Amino acid sequence: IEWNDSANNDRSHQRTFDAVCICNGHYALPSTPPLRGIENFTGRILHAIKYDSPDDFAGQTVLCVGARASGADVAREIGMVAKKVYLSDSSCDEMREFGNVSLMPRTRSIDGEGHVHFSS
């Protein structure tokens, strides 16, 4: 692959790669799974597509629902500044700790008092 670097006087570069990942597509369209009782949650709700900076979550306890590419990336970044991060994944069957990030089973519901419940 060859490209010109306009920041360095259009200097030409050439590199050989083993693979090229084209990272675009349907992840540009937000998808929000149905979550029973979401209207009972009084905190901030943000889809990963609107996420910009972990600094917005400094010192907070955060639940990331969905542990695929976007969710895992967001949880990792937020985990550097948050008090605690819970990463809910449908393929997780029990809680696992990774520093201040806990991998949790699927988020099942939010009750009338705003408490989050996970599948067991």
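Quick caveat, the model's predicted, so the values are computed rather than measured.
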- Minimum heavy-atom separation for Ala67 to Ala72, with atom names? O-CB, 3.9 Å
- Task: State yes or no: do Val65 and Phe41 share one hydrophobic cluster built from I, L, V, M, F, W and Y residues joined by side-chain heavy-atom distances below 4.5 Å, directly or via other members?
- Result: yes
- Which atom of Ile110 lies closest to which atom of Leu35, heavy atoms considered: CD1-CD2, 4.1 Å
- Output the distance between atom OG (Ser119) and atom CZ (Arg106), rounded to the nearest 0.5 Å. 6.5 Å
- Item | Min side-chain heavy-atom separation Tyr51-Asp56 under 4.5 Å | no
- Do Glu77 and Val74 have side-chain heavy atoms sitting under 4.5 Å apart? no
- How far does CZ of Phe57 sit from CD1 of Ile78, to the nearest 0.5 angstrom? 4.5 Å
- Search all heavy atoms of Ala82 against all heavy atoms of Val62 and return the closest pair with its distance. CB-CG2, 4.5 Å
- Identify the heavy atoms of Val85 and Ala75 that sit nearest to each other, and give their distance. CG1-CB, 3.9 Å
- Message: Side-chain heavy atoms nearer than 4.5 Å, only ILVMFWY residues, links allowed to pass through others: does that put Phe98 and Met95 together?
- Response: no
- Scan for salt bridge (charged side-chain N to carboxylate O under 4.0 Å, His left out) pairs involving residues 107-120, sequence neighbours excluded, and state none if there are none. none
- Task: Report the distance from atom SG of Cys64 to atom CG of Asp73, rounding to the nearest 0.5 Å.
- Result: 10.5 Å
- Check the hydrophobic clustering (I, L, V, M, F, W, Y; side-chain heavy atoms under 4.5 Å; chains of links allowed) and say if Ile49 and Leu63 are grouped together. no
- State plainly whether one hydrophobic cluster holds both Tyr86 and Leu46, where clusters connect Ile, Leu, Val, Met, Phe, Trp and Tyr through side-chain heavy atoms under 4.5 angstrom apart. no
- Note on the structure: Between Glu94 and Cys92, the two heavy atoms sitting closest are O-SG, 2.9 Å
- Query: So do Asp89 and Arg68 actually touch side chain to side chain, heavy atoms under 4.5 Å?
  - Reply: yes
- Flag side-chain contact, heavy atom, 4.5 Å: Gln60 against Lys83: no
- Test item: Ser88 side-chain N/O and Pro105 main-chain N/O as donor-acceptor pair under 3.5 Å: yes
- Message: Measuring only between side-chain heavy atoms, which start at C-beta, is Val116 closer than 4.5 Å to Met104?
- Response: no
